[in-house]
2 protein chains.
Amino acid sequence: MSDTEQAPRGRATAEMVAARAKVSRVAVSRAFNPHTSLKPEKRELILKVAQELNYTPDRAARALVSGRSHLVGVIVPDVCSNWESQEIDALTTALQAEGFATLLFKTRTDYSMDEQLLAYMRGFNPDSVIAFVENVKPQTLARFLDRAVPIYVHYPLPGGGEEPEAEPLHDRLNVLQRDGIDQAVALLQGFGAKRIAYLSGADKSRANGARERTLRQVMADRGLAPPVVARGDFSYDAAYEATINLFRVGDGADAIFAANDVGAFGVLDALRHELKLRVPEDVKVIGFDDIAQSHWKSYNLTTVKFDLDERVRALVRLILRRLNNPDAPGFQETLNTRLVVRGTVG
Amino acid sequence: MSDTEQAPRGRATAEMVAARAKVSRVAVSRAFNPHTSLKPEKRELILKVAQELNYTPDRAARALVSGRSHLVGVIVPDVCSNWESQEIDALTTALQAEGFATLLFKTRTDYSMDEQLLAYMRGFNPDSVIAFVENVKPQTLARFLDRAVPIYVHYPLPGGGEEPEAEPLHDRLNVLQRDGIDQAVALLQGFGAKRIAYLSGADKSRANGARERTLRQVMADRGLAPPVVARGDFSYDAAYEATINLFRVGDGADAIFAANDVGAFGVLDALRHELKLRVPEDVKVIGFDDIAQSHWKSYNLTTVKFDLDERVRALVRLILRRLNNPDAPGFQETLNTRLVVRGTVG
DNA sequence: ACGGAAAGTGAAAACGTGTTCATTCTGAAT
DNA sequence: ATTCAGAATGAACACGTTTTCACTTTCCGT
């Protein structure tokens with residue numbers, strides 16, 4: 001009998017644990033599943049033997065029969081920046097605590113590999129998919145409704161307004177941008193800003209579209225002239241160039257609202273280091289997101305906060321709710337935004 | 001017969017595709033595996049039908065029988081920063097091109113959840129694991145040799161020297177820090193720096209230990225007094241505080257070498273915004289990594305480059321080589337570092 | 001036209017687990 | 001002691017694929 005103990009080649013299997021603990025293989029399975037009936041001392045013995053053999057149930061096999069892979073697919077754009085990093089980071093921590101693992105995929109923001117990527121991802125059988133409207137076309141994602149539940153972040157709400165949809169096709173995380181942007185504009189207006197420019201995100205981006213639309217509306221409501229638009233793409237470098245262009249070729253501005261924080265950093269550096277302008281004395285700057293870098297002293301950015309922790313909690317809530325109610329209609333969560341005042345307006 | 005075409009509930013399976021294409025289920029499997037013999041027109045038909053049914057082979061089932069999950073586990077620390085983000089980003093892109101997906105796990109840098117995390121990850125059956133000596137203890141990782149092949153990055157080479165090991169236990173990516181650090185010290189020495197400080201990374205970090213040891217040796221070789229050490233933990237905030245402390249409580253320095261770029265940013269901001277010192281006139285600063293943010297104009301950091309693309313290519317090479325030679329002894333790749341001169345020394 | 005090698009084919013086995021179901025065991029109430 | 005509900009148990013099946021193994025067909029050179 002002791003010869004079976006030598007050289008446990010490859011991974012240990014439930015069968016091996018069962019043999020060693022003198023129980024049936026089914027008992028081993030039960031020992032690892034909480035809500036099954038198994039005599040306590042037996043479970044204890046099995047777990048002890050399992051640890052000796054360094055055994056863990058194979059999740060691929062488990063997924064095959066239970067239909068749950070415990071994988072959550074996350075699709076991020078090729079120009080993956082700080083915002084996405086922090087999202088992935090916090091999400092992974094939260095999902096891990098719930099017994100899930102994060103499966104990462106990169107895609108183009110121009111939708112060019114939509115179908116190919118989704119077919120690829122599909123093969124891994126994620127229980128849920130978190131996609132951003134930036135990265136995947138809604139109609140392409142629709143095919144995944146069989147098992148995985150896509151969740152959209154920043155879904156542009158219909159009707160121009162910001163009311164959640166009555167019966168959305170997918171689970172959704174909506175973001176109310178209006179409050180935060182209104183506070184931002186109010187602050188600029190309070191400091192007497194007359195010529196407000198908008199440093200945009202990527203051209204085809206829906207989040208950018210929604211943000212610009214909201215800004216225009218808010219400014220109009222406050223009796224301000226429409227913003228001048230400088231074209232960026234959410235990146236530091238594009239923002240840097242666009243800002244220089246705005247002042248060298250265009251007419252400049254006395255305040256710039258950037259589509260995201262990283263873009264705002266590019267704006268700030270261009271203003272200070274290239275154009276030799278002072279912030280906030282000559283030009284005021286406001287960003288969007290409130291990423292970790294925004295409190296760094298070189299930037300100390302006033303920005304519209306889209307709370308990371310709150311966002312991740314909402315996403316995890318959506319995922320778990322969906323797994324417990326596979327056939328329920330689309331769930332929705334809605335988060336608000338608010339201004340965080342630091343040193344770039346004043 | 002047409003009634004079978006209604007409501008393809010859930011995912012399509014190979015059986016369904018086979019039935020619809022009037023072929024055997026085995027033929028469907030072959031159609032999706034390149035190096036199998038199947039009449040071309042038959043394969044074409046199957047693929048067409050598969051597309052109609054939106055079918056993709058289930059990777060869980062495939063993994064079960066083939067023993068390849070096509071998952072690569074990546075373990076990152078809880079204080080996941082820009083360096084790790086950029087690593088994950090580039091790695092995911094590269095692995096995706098080779099048919100793999102990135103599986104993300106977070107861990108503590110203090111090794112506290114070593115075993116638990118690894119047991120957890122183990123269940124997902126990754127074909128390979130990329131870990132940093134920062135995050136996982138080598139002896140704990142050793143248990144994973146059954147299937148997954150761990151790859152260490154930043155493995156501190158034995159003997160204080162920098163020669164690769166003869167027969168490493170795991171596959172390894174070694175980093176020669178000496179050249180880059182020597183160039184950094186030479187540059188500082190050339191500008192007449194006398195009191196060089198080292199802003200450390202986390203206390204228990206091996207990468208930090210190796211970096212500090214190399215710095216000491218290089219400085220000694222050049223006839224310089226040992227560096228003053230300011231304790232950081234790779235984060236911006238800790239670096240910021242440590243720098244203030246170094247000047248307010250300690251004796252200051254005329255040059256600071258930081259364990260990583262993010263730390264260097266904290267150093268720079270503390271010097272400029274809190275201590276009102278000029279860089280590089282009053283104090284010179286050099287970082288380590290050359291992350292994307294280092295060329296941002298507010299920092300414009302002179303730093304030791306540890307090339308990202310080169311690193312990722314080496315990692316992917318290691319993974320593929322291992323999968324093709326499962327029983328070969330440990331492979332090694334070794335990368336060098338070099339100084340990138342920007343504006344914080346001069 | 002013939003032989004033989006190569007390519008094409010499908011039935012059956014295998015992968016490691018969770019789940020169903022019928023059976024046995026336990027313990028408390030009668 | 002008897003009964004009965006519920007816990008505990010294990011045999012058999014299911015999950016969707018790849019792989020093995022015989023078997024049949026095709027192709028090419030003589």
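Just so it is clear, the model here is predicted, and its values are computed rather than measured. Just so it is clear: chains get the letters A, B, ... in the order the sequence lines come, proteins before strands, and each one is counted from 1. Hydrogens, waters and symmetry mates are skipped; everything else that's a heavy atom, side chains included, is used.
Across the protein-nucleic acid pair, K22(A) atom NZ and dT9(D) atom P stand 17 Å apart, rounded to whole Å. Rounded to whole Å, the distance from OH on Y55(A) to P on dG16(C) is 10 Å. As rounded to whole Å, 13 Å separates atom P of dG16(C) from atom CZ of R122(B). Going from atom CZ of R62(B) over to atom P of dG16(D) covers 15 Å, rounded to whole Å.
No contact: F32(A) has no heavy atom under 4.0 Å from any strand. Among the atoms of the strands shown, none is found under 4.0 Å from any heavy atom of R59(A).
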Can I get a per-line list of side-chain donor-acceptor pairs under 3.5 Å for residues 24-33 of chain A, giving both atom names and the distance, sequence neighbours left out?
| from | atom 1 | to | atom 2 | distance (Å) |
| --- | --- | --- | --- | --- |
| S24(A) | OG | V26(A) | N | 3.4 |
| S24(A) | OG | A27(A) | N | 3.2 |

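When each of dG16(D), dG10(D), dT17(C) is scored by its nearest atom to the side-chain atoms of A61(B), the top-ranked nucleotide is dG16(D).
The shortest side-chain heavy-atom distance between R20(A) and E15(A) does not fall under the 4.5 Å cut-off.
Phosphate contact (OP1/OP2 of dT9(C), side-chain N/O of K42(B), threshold under 4.0 Å): present. In this structure, T13(B) reaches the dT17(D) phosphate: one of its side-chain N or O atoms is under 4.0 Å from OP1 or OP2. Phosphate contact (OP1/OP2 of dG18(C), side-chain N/O of S66(A), threshold under 4.0 Å): absent. Between S37(B) and dA7(C), a side-chain N or O to OP1/OP2 separation shorter than 4.0 Å is absent. Of the side-chain N and O atoms in S29(B), none sit less than 4.0 angstrom from OP1 or OP2 of dT17(D).
Checked by distance alone, R43(B) brings no side-chain donor or acceptor within 3.5 Å of a matching partner on the base of dG8(C).
Aromatic ring pairs are classed by plane angle as parallel below 30°, tilted from 30° to 60° and perpendicular above 60°; the pair F105(B) and F124(B) is tilted.
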(request) Apply side-chain contact (heavy atoms from CB on, under 4.5 Å) to the pair N125(B) and R59(A), showing each step before the final yes or no. (result) CA-CA 7 Å; N125(B) 254 333; R59(A) 289 189 111 107; over 6 Å; no

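The residue among P57(A) and R25(B) whose nearest nucleotide of DNA chain C is located toward the 5' end is R25(B).
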